[in-house]
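All values below were derived from every heavy atom in this structure, side-chain atoms included, with hydrogens, water molecules and symmetry-related copies excluded.
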Amino acid sequence: MTGGSRGIGKAIARELAAEGVDVAIASRTAEALEHTAAELAEATGRRILPLVVDTANDSSVKAMVERAAQALGHLDILVNCAAQPGGQAPPPKLAEITDDAFYSDVNVKVMGYLRCAREVAPYMIRQGWGRIINISGLAARQTGSTIGSIRNVAVVALTKNLAEELGKHGISVSVVHPGLTRTETTPDVVAQRASRLGISAEEAEKRMATNLTGRLIDAREIAYVVTFLASPKAAAINGDVIAAGGGVSSVIYY
């Protein structure tokens, strides 16, 4: 579980552990990982293994997967969730997009997901079963963030290619597209937006919740979807995208 120390990743780790899974959570910050691992282990009674990793670095990913396999004995589920944060500030316009901003973002999310899948796949192939779930985002289906759209569309393309290659080994690969999602950072984001617009926090959050439910989807609700996809009950889903943003208005996908 990359990106597992906070936000959507932490919520997914909690739900997987609640279903009886021992979970390795990985991110770049040791202190946050240790805190989250202790919290989730106490809450679920499962083993939560904290592993420091930089998914932008090939050798770091290799070492992380080896440590997880040695500690847990087998690797059944990979959830890719590590990415540079988005949505906390207006995305850059064309003239503001730098090479470094583009490549660092894509390296962490797209290449990072590929690195993790590449290292985990041999374990899953040997056992003849596995689940890979890639957390992408609804920026893949809308304009407004050039880098965000590119990286998320690329994750979908990666997923479909992996599903084609790995399906014959009993491994399914799928994508979940969250929209704007409530996490532990949401109150600060709402407060900043309210201050910028000169409105109340309640009004700012109401304006942010543009989905069909009329409210922000919670990280735990994303985790419910991922937990299903990680289970044997999701065998019919492979290479496809699940949108989990509360419903987009006025658009039909078929």
Side-chain angles (χ1 to χ4, degrees), residues 1-19 21 23-29 32-33 35-37 39-40 43-44 46 48 50-51 53-56 64 77-89 105 108-110 112-113 116-117 131-142 145 147-149 151-152 154-156 158-159 173-190 205 208-211 213 215-231 234 237 241-248:
M1 171 80 246
T2 67
S5 65
R6 62 180 183 172
I8 291 174
K10 178 180 177 180
I12 294 169
R14 181 189 297 272
E15 291 306 312
L16 288 173
E19 292 292 328
V21 178
V23 183
I25 57 172
S27 74
R28 291 182 295 178
T29 308
L33 278 170
H35 178 79
T36 296
E39 176 188 336
L40 298 187
T44 65
R46 303 303 304 185
I48 310 295
L51 298 173
V53 69
D54 178 3
T55 61
M64 179 266 292
I77 302 162
L78 167 64
V79 181
N80 278 315
C81 192
Q84 295 187 359
Q88 298 184 12
D105 202 332
V108 170
K109 189 161 190 176
V110 184
Y113 285 16
C116 292
R131 294 283 186 267
I132 299 174
I133 301 107
N134 296 321
I135 307 303
S136 188
L138 284 171
R141 294 183 174 179
Q142 61 194 36
S145 174
I147 297 176
S149 294
R151 73 177 188 175
N152 289 349
V155 168
V156 177
L158 169 65
T159 299
V173 191
S174 55
V175 181
V176 174
H177 278 339
L180 187 60
T181 303
R182 181 185 298 282
T183 68
E184 59 266 49
T185 65
T186 299
D188 288 341
V189 174
V190 171
E205 181 166 331
M208 291 165 67
T210 58
N211 59 44
T213 67
R215 64 173 178 82
L216 295 182
I217 297 299
D218 188 80
R220 194 162 189 175
E221 294 170 309
I222 306 297
Y224 296 151
V225 175
V226 174
T227 301
F228 166 69
L229 292 173
S231 75
I237 300 172
V241 178
I242 306 297
V248 178

Which atom pair, heavy atoms only, marks the closest approach of T44 to A18? CG2-N, 4.0 Å
If I take atom OG1 from residue T2 and atom CD1 from residue I135, how far apart are they, to the nearest 0.5 angstrom? 9.0 Å
Closest non-hydrogen atoms of V108 and A56, given as atom of the first, atom of the second and distance, are CG2-CB, 3.9 Å
Taking all non-hydrogen atoms of both residues, which atom of S136 and which atom of V175 are closest, and how far apart? CB-CG1, 3.6 Å
Could I get the full list of side-chain contact (heavy atoms from CB on, under 4.5 Å) partners for A13, not counting sequence neighbours? M1, V23, I25, L40
Hey, mind stepping through H177 and V156 against side chain to side chain contact (heavy atoms under 4.5 Å, CB included) and telling me if it holds? CA-CA 9 Å; H177 278 339; V156 177; 3.6 Å; yes
My understanding is that only residues two or more places apart in sequence, or in another chain, count here; which of them pass side-chain hydrogen bond (donor to acceptor under 3.5 Å, both in side chains) with R28? none
Stepwise, does the side chain to side chain contact (heavy atoms under 4.5 Å, CB included) test hold for E39 with K10? CA-CA 10 Å; E39 176 188 336; K10 178 180 177 180; 2.9 Å; yes
Would you confirm whether R131, through its side chain, and S231, through its main-chain N or O, come within 3.5 Å as a donor-acceptor pair? yes
For V190, side-chain contact (heavy atoms from CB on, under 4.5 Å) partners two or more places apart: T186, A201, A204, E205, M208
Minimum-distance pair of heavy atoms, taken over all atoms of A234 and F228: CB-O, 3.3 Å
Of the non-hydrogen atoms in S149 and A139, which two are nearest, and what is the gap between them? OG-O, 2.7 Å
With side chain to side chain contact (heavy atoms under 4.5 Å, CB included) as the test, would you mind laying out the steps for T227 and L229 before giving the verdict? CA-CA 5 Å; T227 301; L229 292 173; over 6 Å; no
Restricting to side-chain contact (heavy atoms from CB on, under 4.5 Å), what partner residues turn up for A219, sequence neighbours left out? I8, A11, T181, T183
Any residue meeting side-chain hydrogen bond (donor to acceptor under 3.5 Å, both in side chains) with S5, in chain and number order, not counting sequence neighbours: S27
Any donor-acceptor pair under 3.5 Å linking the side chain of E184 with the backbone of G7? yes
Considering non-hydrogen atoms only, spot the tightest contact between G179 and L138 and give its length. CA-CD1, 3.7 Å
I'd like to check the side-chain contact (heavy atoms from CB on, under 4.5 Å) partners of R220; sequence neighbours left out, ordered by chain and number. R14, E15, D218, Y224
I'd like to check I242 versus S174 (side-chain heavy atoms, cut-off strictly below 4.5 Å). Are they in contact? no
Side chain to side chain contact (heavy atoms under 4.5 Å, CB included) between I217 and L180, intermediate numbers included: CA-CA 7 Å; I217 297 299; L180 187 60; over 6 Å; no
T159: partners by side-chain hydrogen bond (donor to acceptor under 3.5 Å, both in side chains), with sequence neighbours left out: N134
Going by the rule side-chain hydrogen bond (donor to acceptor under 3.5 Å, both in side chains), which residues pair with T29 if we only count those two or more places apart in sequence or in a different chain? none
Check whether any side-chain heavy atom of V241 sits under 4.5 Å from a side-chain heavy atom of V176, and report yes or no. no
Measure the spacing between CD1 of I133 and CD1 of I12 and express it to the nearest 0.5 Å. 8.0 Å
Test side-chain hydrogen bond (donor to acceptor under 3.5 Å, both in side chains) applied to K109 and N152, N80, T55, the passing residue: N152
